Amino acid sequence: MYNEELKTKFVRGYTNSISTAEVCQTIFNAFEQYEVEWDADLCTRSAEELQPVVDNLVGFRARSKWMRLIILKDYVKWCIGMKVPGACDGMLKIETVGLEKVKHQTVASPLHLQRYLDSICEPESEETTDNIYRCFYWLAYGGVAEEDILSIKCSDVDLNNMVVRYNGTEVPIYREALPAFKNCVKLTQFVYKHPNYDKLVYKDRADGDTLVRGIRSAPSIKAMRVELSRRSKAKMDEGKTDLKLSYFRVWISGLFYRMYERERAGMPVDFSAAAAQFMEGKTYKLDRGRNTPEAKKRQLTRDYLEDYERWKLAFAI
């Protein structure tokens with residue numbers, strides 16, 4: 001390992017996980033021959049010098065490359081922060097295939113989702129039916145299955161504790177989502193806007209106690225999908241947003257955000273529960289060999305982990 005003392009110091013402060021430390025050691029050892037040729041640490045090299053090396057060393061295993069890239073970028077950030085002589089942002093400029101797509105199809109945080117919703121919806125304070133579209137995506141972000149969103153009742157929402165009690169679990173209500181949830185829980189009428197009306201017109205909401213209901217009738221999942229897709233495309237055409245979201249993309253963004261919060265708190269990254277939830281109620285063509293339910297669950301768990309590492313890299317998290 002080139003510059004072993006420096007890199008060992010980084011690893012010790014970077015992780016308490018033995019497996020992650022081993023990945024660090026593996027990628028640093030692989031980089032050594034190039035650093036010897038340069039007679040310099042990788043943290044001092046330009047993006048032009050590093051790109052072919054990264055392509056060669058990191059790109060050969062899809063399932064581990066995102067973690068390796070994150071480690072390399074975090075190492076260089078650390079070196080810059082430690083004022084290592086010659087350290088520069090070359091590694092931070094490395095471009096990787098697929099990350100632009102992630103940036104345009106997921107969100108990094110609740111604030112990021114709120115900014116998107118602000119671009120496709122009227123403000124919550126207008127008290128229009130746009131509040132139900134906001135809540136639809138906030139419930140998706142919190143982890144509610146799409147087929148269950150329209151069944152969530154106002155009585156399931158605990159505004160004081162900022163949770164939705166659903167399917168035996170508590171779904172978080174993020175601070176940015178609170179105004180929309182308050183409106184959908186408390187309002188009995190929504191403002192109805194029409195170009196021919198010169199004053200505010202209020203119309204009663206549809207009968208029932210479900211959270212996501214408008215003024216005519218309770219919407220269908222298909223209708224919600226169509227309307228949200230239409231709005232997204234229209235705002236992209238107007239240049240108001242560069243995001244193209246859907247239920248699943250919002251759902252997985254929320255899953256990754258909560259996992260990242262756990263990881264920062266020192267908890268293990270584990271998507272096995274998400275994989276098990278995804279498999280519930282689904283039928284797979286399995287056999288008694290390698291293609292077993294447990295093998296399918298392990299595969300899904302690995303896929304989530306790979307996508308999670310790519311999500312973190314895309315948003316420089």
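All figures in this text were calculated on a predicted structure; none of them were measured in a lab.
Applying the salt bridge (charged side-chain N to carboxylate O under 4.0 Å, His left out) rule to Asp39 yields no partners; only residues at least two apart in sequence or on another chain are considered. Asn29 meets the side-chain hydrogen bond (donor to acceptor under 3.5 Å, both in side chains) test with no other residue; sequence neighbours excluded. Every salt bridge (charged side-chain N to carboxylate O under 4.0 Å, His left out) that Lys240 has, sequence neighbours left out, goes to Glu238. Among residues two or more places apart in sequence or in another chain, the salt bridge (charged side-chain N to carboxylate O under 4.0 Å, His left out) test is passed with Glu32 by none. Applying the salt bridge (charged side-chain N to carboxylate O under 4.0 Å, His left out) rule to Glu22 yields no partners; only residues at least two apart in sequence or on another chain are considered. By the side-chain hydrogen bond (donor to acceptor under 3.5 Å, both in side chains) test, Asp207 pairs with no residue at all, sequence neighbours left out.
Two rings, from Tyr308 and Tyr260, have their centers 6.0 Å or more apart.
Arg134 is listed as a side-chain neighbour of Asp118, based on a closest heavy-atom distance under 4.5 Å.
Other members of the hydrophobic cluster containing Val36, listed by chain and number, are Tyr2; membership follows side-chain contacts under 4.5 Å among ILVMFWY residues, whether direct or relayed. Annotation for Tyr202: hydrophobic cluster partners, listed by chain and number, are Val191, Leu200 (ILVMFWY side-chain heavy atoms under 4.5 Å, direct or chained).
For Ser232 and Tyr116, the side-chain atoms include at least one donor-acceptor pair closer than 3.5 Å.
Contacts classified as salt bridge (Lys or Arg N to Asp or Glu O under 4.0 Å) and involving residues 243-260 (residues at least two apart or in different chains) are not found. Here salt bridge (Lys or Arg N to Asp or Glu O under 4.0 Å) pairs that include residues 156-169, with residues two or more places apart or in two chains, are Asp158-Arg165, Arg165-Glu170. Residue pairs meeting the salt bridge (Lys or Arg N to Asp or Glu O under 4.0 Å) criterion with at least one partner in residues 262-279, sequence neighbours excluded, are Glu263-Lys312.
Judged by distance alone, with hydrogens and angles left aside, the side-chain atoms of His112 form no donor-acceptor pair with the main-chain N or O of Val107 at under 3.5 Å.
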Quick one: side chains of residues 179-188, donor-acceptor pairs under 3.5 Å with protein atoms, not counting sequence neighbours, listed by atom name and distance.
from   : atom 1 : to     : atom 2 : distance (Å)
Asn183 : ND2    : Glu124 : O      : 2.9
Asn183 : ND2    : Asn131 : OD1    : 3.1

- Query: Can Cys79 and Leu6 be said to form a side chain to side chain contact (heavy atoms under 4.5 Å, CB included), step by step?
  - Reply: CA-CA 9 Å; Cys79 288; Leu6 180 70; 4.1 Å; yes
